[in-house]
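Numbers restart at 1 for each chain; the letters A, B, ... are given by sequence-line order, proteins then strands.
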Number of protein chains: 2
Amino acid sequence: MIDDLDRQIIDQLRVDGRRSFGEIGRSIGLSEASVRARFGRLQRQGVVQVVGMTDSVKLGEMEVHLAVRVHHMPVALVARELSRMPEVRYVASCVGPYDLIADVRCRDLGHLAELLTERVRRVNGVAHAEALTVLEVIKDSYLWAGFRELPAAPGERIIPP
Amino acid sequence: MIDDLDRQIIDQLRVDGRRSFGEIGRSIGLSEASVRARFGRLQRQGVVQVVGMTDSVKLGEMEVHLAVRVHHMPVALVARELSRMPEVRYVASCVGPYDLIADVRCRDLGHLAELLTERVRRVNGVAHAEALTVLEVIKDSYLWAGFRELPAAPGERIIPP
DNA sequence: GGTTGATTCCGCGAATATCGCAGCCGGCCG
DNA sequence: CGGCCGGCTGCGATATTCGCGGAATCAACC
């Protein structure tokens with residue numbers, strides 16, 4: 001289904017999603033057309049997707065990770081409810097000290113407060129929600145092979161003080 | 001530092017990271033060269049990054065979220081240490097009941113066990129690491145935080161019940 | 001007013017990349 | 001054997017990227 005060539009293509013796209021198919025093909029011994037065809041197939045299957053990822057802190061947004069405990073209610077239902085909220089970027093059911101994980105992005109503290117107290121904590125079944133507010137993103141890489149040095153790149157200030 | 005044009009460029013790249021600069025420029029009234037220059041700047045600043053993202057379930061991997069408490073050691077140092085590990089996909093310092101968050105992807109349970117016991121929990125300063133193993137990803141949206149009203153949500157993957 | 005420097009934008013030609021298609025090849029099966 | 005299928009390649013037409021120089025804008029300053 002997914003062979004080693006596919007994996008090599010994905011590896012390269014993880015490092016740089018805009019790398020040309022020709023260049024990828026040259027480096028793994030495949031023609032541009034083949035790489036293109038394989039990428040198309042992988043994309044159609046939902047295995048890989050090339051997207052722009054942003055650093056929320058540098059954009060002045062708040063990134064908050066929620067760990068949720070669910071009582072007296074199916075976890076899947078609560079998950080579905082949380083998924084409906086546009087600020088919620090990621091929801092997963094888990095095994096561990098919490099039942100659900102949700103990643104959230106908000107404009108500011110007021111927005112976050114409204115979301116948590118007015119909406120998340122009022123969802124039926126949410127017994128407890130632990131919030132971890134992100135101060136700084138040290139690494140955000142989807143590499144599995146792991147080249148690509150740290151994205152830190154301090155030096156250019158983004159958000160005016 | 002980041003103006004509305006930048007945001008519009010990022011918006012489009014979030015949906016499709018391979019969209020051509022010319023097409024983006026045409027849709028927001030900017031030349032290809034300007035879009036290219038802006039994207040280059042945003043990328044250098046670490047605001048945005050175009051990468052290939054994979055579906056861990058479809059690849060048969062494990063996804064685990066770690067919440068870490070740090071004692072007797074600067075959080076930044078521990079974060080740097082964790083960032084070095086290729087399995088660690090995401091690291092952020094936090095305010096809340098834990099000091100660090102790390103997202104991890106492993107091939108299988110054995111790989112995860114080795115990572116946690118042999119490497120993560122032996123990092124100097126790691127006092128406690130809570131692990132949440134993902135059972136099912138209910139939502140994983142790469143789209144620009146949805147609270148900025150965007151039409152619909154292409155590029156969003158919501159696993160149906 | 002004029003000058004300088006910094007920034008941002010555009011247009012342009014050359015080099016590349018993408019796209020669709022026709023054709024080739026090896027495996028597979030009746 | 002002969003036909004078929006999936007995957008690969010080569011190729012020409014079109015589109016995109018890239019690096020440049022130059023124009024417009026703005027602010028600071030003499």
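At a threshold of 4.0 angstrom between heavy atoms, the contacts of A/R36 include nucleobase atoms, whether or not backbone atoms are also involved.
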N/O to N/O distances under 3.5 Å, protein versus nucleotides 22-28 of chain D:
none

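Distances were taken from every side-chain heavy atom of B/R38 (C-beta onward) to each of C/dT8, D/dG7, C/dA17; the shortest belongs to C/dT8.
In this structure B/H71 satisfies the side chain to side chain contact (heavy atoms under 4.5 Å, CB included) test together with B/A127, sequence neighbours excluded. Among residues two or more places apart in sequence or in another chain, the side chain to side chain donor-acceptor pair (under 3.5 Å) test is passed with A/D4 by A/Q8. In terms of the side chain to side chain donor-acceptor pair (under 3.5 Å) criterion, A/R121 has no residue partners (sequence neighbours excluded). Scanning for side chain to side chain contact (heavy atoms under 4.5 Å, CB included) contacts around B/E114 gives B/H111, B/E118, B/R119, with sequence neighbours left out. Remark: B/D3 pairs with B/R38 by the side chain to side chain donor-acceptor pair (under 3.5 Å) rule, at least two apart or across chains. With sequence neighbours excluded, the residues satisfying side chain to side chain donor-acceptor pair (under 3.5 Å) with B/E32 are B/R36. Residues forming a salt bridge (charged side-chain N to carboxylate O under 4.0 Å, His left out) with A/D103 (at least two apart in sequence, or on another chain): A/R89.
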Scan the side chains in residues 18-25 of chain B for donor-acceptor partners under 3.5 Å anywhere in the protein, sequence neighbours excluded, and list what turns up.
| from | atom 1 | to | atom 2 | distance (Å) |
| --- | --- | --- | --- | --- |
| B/R18 | NH1 | A/G17 | O | 2.7 |
| B/R18 | NH1 | A/R19 | O | 3.0 |
| B/R18 | NH2 | A/R19 | O | 3.0 |
| B/R19 | NH1 | B/Q12 | OE1 | 3.0 |
| B/S20 | OG | B/E23 | N | 3.1 |

Kindly list each side-chain donor-acceptor pair under 3.5 angstrom involving residues 39-48 of chain A, sequence neighbours excluded, with atom names and distances?
| from | atom 1 | to | atom 2 | distance (Å) |
| --- | --- | --- | --- | --- |
| A/R41 | NH2 | A/D6 | OD1 | 3.2 |
| A/R41 | NH2 | A/D6 | OD2 | 2.5 |

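Listed by residue number, the members of residues 22-35 of chain A with any heavy atom below 4.0 angstrom from DNA chain D are A/L30, A/S31, A/A33, A/S34.
In the helix from C/dG1-D/dC30 to C/dG30-D/dC1, the end axes, each obtained as the rotation axis mapping the C1' atoms of four pairs onto the next four within a five-pair block, lie 20° apart to the nearest 10 degrees.
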